[in-house]
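Working notes for the structure below.
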Amino acid sequence: MLVDLDYFYAQCEERRNPAIKDKPVVVCVYSGRTEDSGAVSTANYVARKYGVKSGIPISLAKMKLKDVDAVFLPVDKEFYREVSDKIMEILRSHADRFEQVGIDEAYLDVTQRTKRNYPEAEKLAETIKDDVLIQQKLTCSIGVGPNKLVAKIAADIQKPNGLTLVRPEEVESFLSPLPVRRLVGVGKKTEKKLETLGVRTVGQLARFDVQRLIEVFGRKLGTYFHNASLGIDDEPVQERSEPESVSRISTLKEDTRDLAVILDEAYRLCGNVHARLLNLGLLYRSVSIYLVAGDLSVHSRSKTFENPTSDLETFKKTVKELYEKFLGESDVEARRVGVKVSNLTKKEELQKQITNFFGDSK
Ligand code: TTP
Ligand code: CA
């Protein structure tokens, strides 16, 4: 399955402030040069009806939404990351193997838990959509197929709040009418080149002589296009390897040296990091704090323990100690604060080591 959250940044904003839900919502990256310079990050589907989409200039979006009661908001990546983390944990719990790609997409290998049964997979996808909606109040679109390539295209076909299943026997009929642009790796340039060869649809690509494709695009890409057009893909859903550290950073409402204010935010981040650790089944041995000062200078302090732990209270206590000590030594004001754990070990690894050490006598 490929799960893709709908109009993600804009939907996060709607969740935070449901009053804007029926209006066009445009999330912007302001460059800061002039009031409206910058680009649109994403927009909700109401705004998309007016032609507003990712990448266009904010000024153009404003023109398209002239005389419309629209909402323009600056990106708040920290908030979206938080929502994303929580949703990814829900998704992970429904997969045999899990691979997050980007902030709002993930592949779920559900082969075993559905026993390759599509009605089962459909039920599972419905459950996932319900879980995400009930627990995190967000909609997503899901594509289900025999491999990652097909699942991804399936998820894109029906949006927002879509669910599209493509069974193995339907792959050919599903893909063949689609424009080649739908295939991952086919951009504007490739699309043009293929068009000069008389190839517009995936089906035409599938029937096109593979040797000629290789002549035009090279062996690697030519072979890939040929296989992709037939829905052939055997890329496994790849669990990402263990992270070296888990950290979160966030901007304070205003610059401050007030320990209580700093800790209030830092503890929230600790909770966030801790949840992630638990989910990954990891223990930490080192704790670090970050502080970006008003002048944008970056400061950090760390402490390393003898033994790995997953304890949240120890984490918070150490963060407090480190901030206290840092503020005692320096006179900067904090603009952004962050926390990090590192020297991570897997819980099972530790248990194995202990068992080996004491023998398996129980
Ligand atoms: P997408 O999944 O491409 O788009 P989306 O979630 O906004 O909309 P859809 O319903 O079509 O899936 O991107 C995920 C987020 O990444 C998006 O909410 C904002 C961000 N993004 C940018 O900041 N700039 C961009 O050009 C794109 C494409 C996305
Ligand atoms: Ca999305």
Side-chain angles (χ1 to χ4, degrees), residues 2-84 87 100-106 136-143 152-162 164 177-196 200-202 249-251 253 296 336:
L2 186 275
V3 182
D4 181 0
L5 303 171
D6 299 324
Y7 61 103
F8 182 51
Y9 292 4
Q11 206 185 170
C12 288
E13 296 293 349
E14 286 182 359
R15 187 187 91 170
R16 174 148 67 180
N17 178 10
I20 63 177
K21 216 173 161 61
D22 299 324
K23 301 177 183 178
V25 176
V26 188
V27 179
C28 304
V29 182
Y30 291 98
S31 71
R33 292 240 172 103
T34 65
E35 199 187 330
D36 282 346
S37 63
V40 169
S41 180
T42 195
N44 67 357
Y45 280 75
V46 185
R48 289 183 197 192
K49 280 202 200 120
Y50 294 87
V52 176
K53 54 182 183 182
S54 296
I56 70 168
I58 297 169
S59 51
L60 179 58
K62 290 215 162 150
M63 244 144 71
K64 289 181 185 282
L65 291 167
K66 200 158 120 354
D67 306 323
V68 183
D69 182 17
V71 181
F72 287 79
L73 295 165
V75 277
D76 181 355
K77 203 72 189 286
E78 183 69 30
F79 173 55
Y80 313 144
R81 167 75 52 198
E82 224 175 274
V83 177
S84 164
I87 293 176
Q100 185 178 344
V101 278
I103 194 166
D104 82 328
E105 269 183 55
Q136 289 299 321
K137 308 267 179 291
L138 249 64
T139 63
C140 59
S141 296
I142 303 186
K152 164 89 179 153
I153 300 173
D156 278 341
I157 285 290
Q158 213 193 326
K159 270 181 174 190
N161 204 6
T164 307
L178 299 178
V180 286
R181 196 62 197 276
R182 288 275 183 182
L183 298 174
V184 176
V186 177
K188 260 191 197 140
K189 265 196 197 157
T190 308
E191 185 184 33
K192 280 232 175 81
K193 228 173 184 180
L194 284 170
E195 205 178 322
T196 61
R200 279 166 198 270
T201 67
V202 177
I249 190 155
S250 126
T251 306
K253 293 216 174 70
L296 298 184
R336 309 188 76 200

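Everything numeric here is computed off the predicted structure, so don't read it as measured data.
- Rounding to the nearest 0.5 Å places NZ of K53 at 9.5 Å from CG of L60.
- Rounding to the nearest 0.5 angstrom, the gap separating the CD1 atom in I142 from the NZ atom in K159 is 12.5 Å.
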Show your reasoning for whether side-chain contact (heavy atoms from CB on, under 4.5 Å) applies to F8 and V83.
CA-CA 10 Å; F8 182 51; V83 177; 4.2 Å; yes
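- For residues 56-72, every residue pair satisfying the side-chain hydrogen bond (donor to acceptor under 3.5 Å, both in side chains) rule, not counting sequence neighbours, is listed here: K23-D69, D36-K62.
- At distances below 3.5 Å, not a single donor-acceptor pair connects side-chain atoms of E105 with backbone N or O atoms of V3.
- Using a 4.5 Å cut-off on side-chain heavy atoms (C-beta onward), Q11 and K137 make no contact.
- No hydrogens or angles considered: a donor-acceptor pair under 3.5 Å links the side chains of T42 and R48.
- Counting heavy-atom neighbours within 6.0 Å of R336 CZ, excluding the residue itself, gives a total above 12.
- I153 approaches L183 most closely through the heavy-atom pair CD1-CD2, 3.8 Å.
- The side-chain heavy atoms of V27 and V40, taken from C-beta on, include no pair separated by under 4.5 Å.
- In this structure, Y7 and Y45 have perpendicular ring planes: the angle between them is above 60°, well past the 30° mark.
- No side-chain donor-acceptor contact under 3.5 Å links R15 to the backbone of L138.
- Proximity of S37 to S31: side-chain heavy atoms (C-beta onward) are separated by under 4.5 Å at one or more points.
- Counting heavy atoms from C-beta on, the side chains of V52 and P24 never come closer than 4.5 Å.
- Considering every non-hydrogen atom in both V186 and E191, the closest pair reads CG1-N, 4.0 Å.
- Atom CD of E13 and atom OG of S41 lie 10.0 Å apart (nearest 0.5 Å).
- With no hydrogens or angles considered, a side-chain donor-acceptor pair links E14 and N44 at under 3.5 Å.
- Side-chain atoms of Y50 never come within 3.5 Å of backbone atoms of V46 as a donor-acceptor pair (strictly under, hydrogens ignored).
- D156 contributes atom CG, which lies 7.5 Å from atom CG of L2 (distance to the nearest 0.5 angstrom).
- A donor atom on one side chain and an acceptor atom on the other are not found under 3.5 Å apart for E35 and Y30.
- For F79 against C12, the heavy-atom pair with the smallest separation is CE2-O, 3.5 Å.
- Annotation: the span from S84 atom OG to Q100 atom CD amounts to 5.0 Å, rounded to 0.5 Å.
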Go through it in stages, so that I can follow the logic: the residues are T190 and R181, the test is side-chain contact (heavy atoms from CB on, under 4.5 Å), and I'd like the CA-CA distance, side-chain angles, deciding distance and then a yes or no.
CA-CA 8 Å; T190 308; R181 196 62 197 276; over 6 Å; no
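- Side-chain contact between L5 and Y80 is absent, with no heavy atoms from C-beta onward closer than 4.5 Å.
- Counting heavy atoms from C-beta outward, T201 and L178 have side chains that stay 4.5 Å or more apart.
- Under the 3.5 Å distance criterion, with hydrogens and angles disregarded, no donor-acceptor pair is assigned to the side chains of S141 and D4.
- The CD1 atom of I58 lies 12.5 Å from the CG atom of L65; values are rounded to the nearest 0.5 Å.
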